[in-house]
Number of protein chains: 2
Amino acid sequence: MITKVRRSPNTTIKDIARESGVSYSTVSRVINNFEHIKPETRERVMDAMTRLGYVANQHARSLVGGRSQVIGLLIHAFDSSYIGQIIQGIDEAVAEAHYDLMLYTTHRRKIRESSFVVSLARGLADGLLLVLPRDIEAYLDTLGQQGFPFVLIDYAATSSDVPSVNAANQQGAYDATLYLAKIGHRRIGFITGDMVADSAQERLMGYKQALAGSGIAFEAELVFQGDFYQSKGFEGANSLLSLDNPPTAIFASNDMIAFGVYEAVRNRGLRTPEDVSVVGFDDIPQAAQVHPSLTTVRQPLQEMGRIATQMLLRWIEEDLDEPLGYTQLATELIVRDSACSPVDSVFYRSRSAMPSSDERR
Amino acid sequence: MITKVRRSPNTTIKDIARESGVSYSTVSRVINNFEHIKPETRERVMDAMTRLGYVANQHARSLVGGRSQVIGLLIHAFDSSYIGQIIQGIDEAVAEAHYDLMLYTTHRRKIRESSFVVSLARGLADGLLLVLPRDIEAYLDTLGQQGFPFVLIDYAATSSDVPSVNAANQQGAYDATLYLAKIGHRRIGFITGDMVADSAQERLMGYKQALAGSGIAFEAELVFQGDFYQSKGFEGANSLLSLDNPPTAIFASNDMIAFGVYEAVRNRGLRTPEDVSVVGFDDIPQAAQVHPSLTTVRQPLQEMGRIATQMLLRWIEEDLDEPLGYTQLATELIVRDSACSPVDSVFYRSRSAMPSSDERR
DNA sequence: CTGAAAGCGCTAACAG
DNA sequence: CTGTTAGCGCTTTCAG
């Protein structure tokens, strides 16, 4: 049955003041851990609180000028597990600090975006985390001018004024490409991400750089413009493999694209890695679960979320005199079973049919 | 540079009262759309509001007894896109109603769960949405007794006391299995989900029921216990296909499992659907993007989120006299390319290599 | 060490 | 139609 008590008269600071025979300002002091309080008084108050099941009213607290203990999270949408991983990191850090998380999706309402940021600034949250924001310029000013704490995630800050956290995309792409070159590939295809994203640009740079470093000439026909989704990976691989002189390896700008490549390869009766080596980027959980397990560049997504949150909290809680700057996290090449030497392929023996050992993180 | 203005003196109701030459209660009335207000006064006030860029302080509002305009969302974790789809639906409904969304993850802190629900009840949110809660019993009472509005998503309510929304899991599984039987399969394998979830149980029921309805004897050896993850699908398919008399079709309890089946089939040098037909459940976006595109049972995930939210809002905003009950949404069999008649297989011609037309929703 | 008192910004009677 | 007046629950001076 549904009780109709719209908000049962919660126990307030006053109740526990009465209960423990002190004034309610003393109770407040106890709650906020003030120094000069007689231990026994504190004891008595604490006791009453647990006895009456007191829970502070967050709204009253925020009203009187303090923090709301909430941080806002602005994301584009819940594509893939990429975002999920980041949120996990954020969630941990947020919980640790006893803050709460407010979720905002910009999903198909571009227009509202900047306006809501303003309203956010006025009360609901103490700070804002923006994951891979599309047109940040739109509200970066608003945010900055108001001195409202915020941190960007997975955005390549052009000026160090902008507090942000991202991965070493270029280095990661460089490592992956170099790896392919080292094991003997000379024709290495590349499928880009959505080029409006900085990370996509940086990965392309890394690819080119590694090519140059390996004395391999860059060939435009080996680069296919993708969008970070699986179907474009499929399309791209088909296109690349149809070339007169097709690549022996394909480096995909993220794991989803790599899965699309897998499909195209199979679809043409070829095999990974014997006929076409594949390397991805991100290392989403699925990467270790597919067959062959995917060699990929691990991006410390969770840690990015975590660190960004910690930066934000520092900004919120301390009175900083200087900008937070930006943090770049290292990537790591995770070698699994989807790439091998082109010369090896003849001798390639099918690996174990079971998922590889690191299948679950 | 970082401005240190900790919360710039926001324009309040008083400022705009002064500005427009009325008392601040009149301003409040305008804001809250009261009836008896002289049009020109309203105009004047509205004008001042836009001019000064007024934004109501939500905390003050909630404090005085009203709503917080926030609803809480409790989820287990950000697995797969299943949860993402649901959240999208929730997000839409929430935005429409001008509420905000507070996110809670129970991820590896089982213990805290019930305690935080209580604290939630005391202020931060007006209602709670719980997606596929694990041990609900723990706090269902707390919630119910406090008359705190909540709605369960993807939970098979045993009593209609519990407001909830879920899909017709059994019917969906029945349809899928029947479809396979209809196109000629007699040995149909089944890989279950995590059996602690109601949906997993219901899907198994539907499978059995369809078998019975088609005059096919149920065989325990054709059922493999999975957990909704891809790797168990792989394992399960390997196990089923190793039987002396292997199934000609496999019905997977969700799409991720189906992808695992795909892999196992390929890994054994077999093909989908020529050698093994596969049907999934959920219809996550990827289902249309893989090759062959996956025949699956569409669960209206987004709509579930949407409807649950609407139910919750009704509970919050109207003073209901009776429980909301539970809503069950229909599923739909989406026929794509991963299943065919076993007799067809000989004549099977490879389909178009391009993603099927409905690849993007 | 602790109490009294003044608001934070807003809504909701209660009087005009 | 509109102004006055209480608070909502809590933090924070300011006095003891």
Side-chain angles (χ1 to χ4, degrees), chain A residues 5-46 48-49 52-70 119 121-124 126 317, chain B residues 5-46 48-49 52-70 119 121-124 126 317:
Chain A
V5 197
R6 160 113 341 282
R7 191 168 285 296
S8 50
N10 286 333
T11 51
T12 79
I13 209 177
K14 285 188 180 172
D15 298 322
I16 87 117
R18 198 181 325 108
E19 184 78 4
S20 51
V22 295
S23 77
Y24 66 88
S25 40
T26 299
V27 177
S28 173
R29 288 190 185 98
V30 172
I31 292 169
N32 295 286
N33 253 308
F34 271 51
E35 313 166 31
H36 310 294
I37 296 185
K38 206 196 299 177
E40 61 175 75
T41 312
R42 157 173 277 120
E43 192 97 349
R44 206 140 36 86
V45 173
M46 300 279 259
M49 295 208 296
L52 273 61
Y54 171 79
V55 181
N57 178 324
Q58 190 53 55
H59 295 299
R61 286 185 140 177
S62 334
L63 180 57
V64 75
R67 310 269 158 60
S68 62
Q69 298 287 112
V70 170
S119 82
R122 316 246 163 176
L124 282 195
D126 295 333
E317 304 199 328
Chain B
V5 196
R6 159 111 342 284
R7 191 166 288 293
S8 50
N10 285 334
T11 52
T12 79
I13 209 175
K14 284 187 180 172
D15 297 322
I16 89 115
R18 196 178 331 106
E19 182 78 4
S20 53
V22 295
S23 77
Y24 67 89
S25 45
T26 300
V27 177
S28 173
R29 287 188 187 101
V30 172
I31 292 169
N32 295 287
N33 253 307
F34 271 52
E35 312 165 33
H36 311 294
I37 296 185
K38 207 197 295 175
E40 60 174 73
T41 310
R42 157 172 277 121
E43 192 96 349
R44 207 141 35 86
V45 173
M46 300 279 258
M49 295 207 298
L52 274 61
Y54 171 79
V55 181
N57 178 324
Q58 191 53 54
H59 295 299
R61 285 183 143 180
S62 333
L63 180 55
V64 74
R67 310 268 157 60
S68 62
Q69 298 287 111
V70 170
S119 83
R122 315 246 164 175
L124 281 195
D126 295 332
E317 305 200 326

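Every chain is numbered from 1, with letters handed out A, B, ... down the list of sequences. The analysis underlying the following values was restricted to heavy atoms, covering all of them including side chains, and did not include hydrogens, waters or symmetry mates.
Checking C:dG3, D:dT5, C:dC8 against the side-chain heavy atoms of A:Ser23 singles out C:dG3 as nearest. Of the candidate nucleotides C:dT2, C:dC8, D:dT11, D:dT11 has the atom lying nearest to any side-chain atom of A:Arg61. Looking at the side chain of A:Val64, the nearest of the listed nucleotides C:dA6, D:dG9, C:dT2 is D:dG9. Listed candidates were C:dT2, D:dT11, D:dG9. Nearest to the side chain of A:Ile37 is C:dT2. Comparing atom distances between the A:Val22 side chain and each of C:dT11, C:dA5, C:dG3 picks out C:dG3 as nearest.
Straight-line distance from the NE2 atom of A:His36 to the C1' atom of C:dG3: 16 Å, rounded to whole Å. Look at CZ on B:Arg42: it is 13 Å from C1' on D:dT2, rounded to the nearest Å. The CD-C1' distance, from A:Gln69 to D:dC10, rounds to 14 Å in whole Å. The CG-C1' distance, from B:Leu63 to C:dG7, rounds to 12 Å in whole Å. For the pair A:Asn33 CG and D:dT11 P, the computed distance is 12 Å after rounding to whole Å. C:dG3 atom C1' lies 14 Å from atom NZ of A:Lys38, rounded to whole Å. As a whole-Å value, the separation of B:Phe34 CZ from C:dA13 C1' is 10 Å. The nearest whole Å value for the distance from the CZ atom in A:Arg44 to the P atom in C:dT2 is 8 Å.
Of the side-chain N and O atoms in A:Ser28, one or more sit less than 4.0 angstrom from OP1 or OP2 of D:dT11. For B:Asn57 and C:dC8, the shortest distance from a side-chain N or O to OP1 or OP2 is not below 4.0 Å. Distances shown here put a side-chain N or O of A:Thr41 below 4.0 Å from the OP1 or OP2 atom of C:dT2. For B:Tyr24, no side-chain nitrogen or oxygen approaches OP1 or OP2 of C:dA12 to under 4.0 Å. Phosphate proximity of C:dC8 to B:Thr12: absent, as no side-chain N or O sits under 4.0 Å from OP1 or OP2.
Between B:Tyr54 and B:Ile31 the shortest side-chain heavy-atom distance falls below 4.5 Å.
Between the side chains of A:Ser23 and A:Thr26, at least one donor N or O lies within less than 3.5 Å of an accepting N or O.
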What's the verdict on side-chain contact (heavy atoms from CB on, under 4.5 Å) for A:Asp15 and A:Thr12, showing C-alpha distance, side-chain angles and the deciding distance? CA-CA 5 Å; A:Asp15 298 322; A:Thr12 79; 3.8 Å; yes
I'd like to know whether B:Val70 forms a side-chain contact (heavy atoms from CB on, under 4.5 Å) with B:Leu124, so could you lay out the CA-CA distance, the side-chain angles of the two residues, the decisive distance to 0.1 Å, and finally the verdict. CA-CA 7 Å; B:Val70 170; B:Leu124 281 195; 5.9 Å; no
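With DNA chain D read from its 5' end, the first of the two nearest nucleotides for A:Ile13 and A:Arg29 is the one closest to A:Ile13.
In this structure, OG on B:Ser68 lies 10.0 Å from NE2 on B:His59, to the nearest 0.5 angstrom.
Note on B:Ser25: a base of the nucleic acid sits closer than 4.0 angstrom, heavy atoms only.
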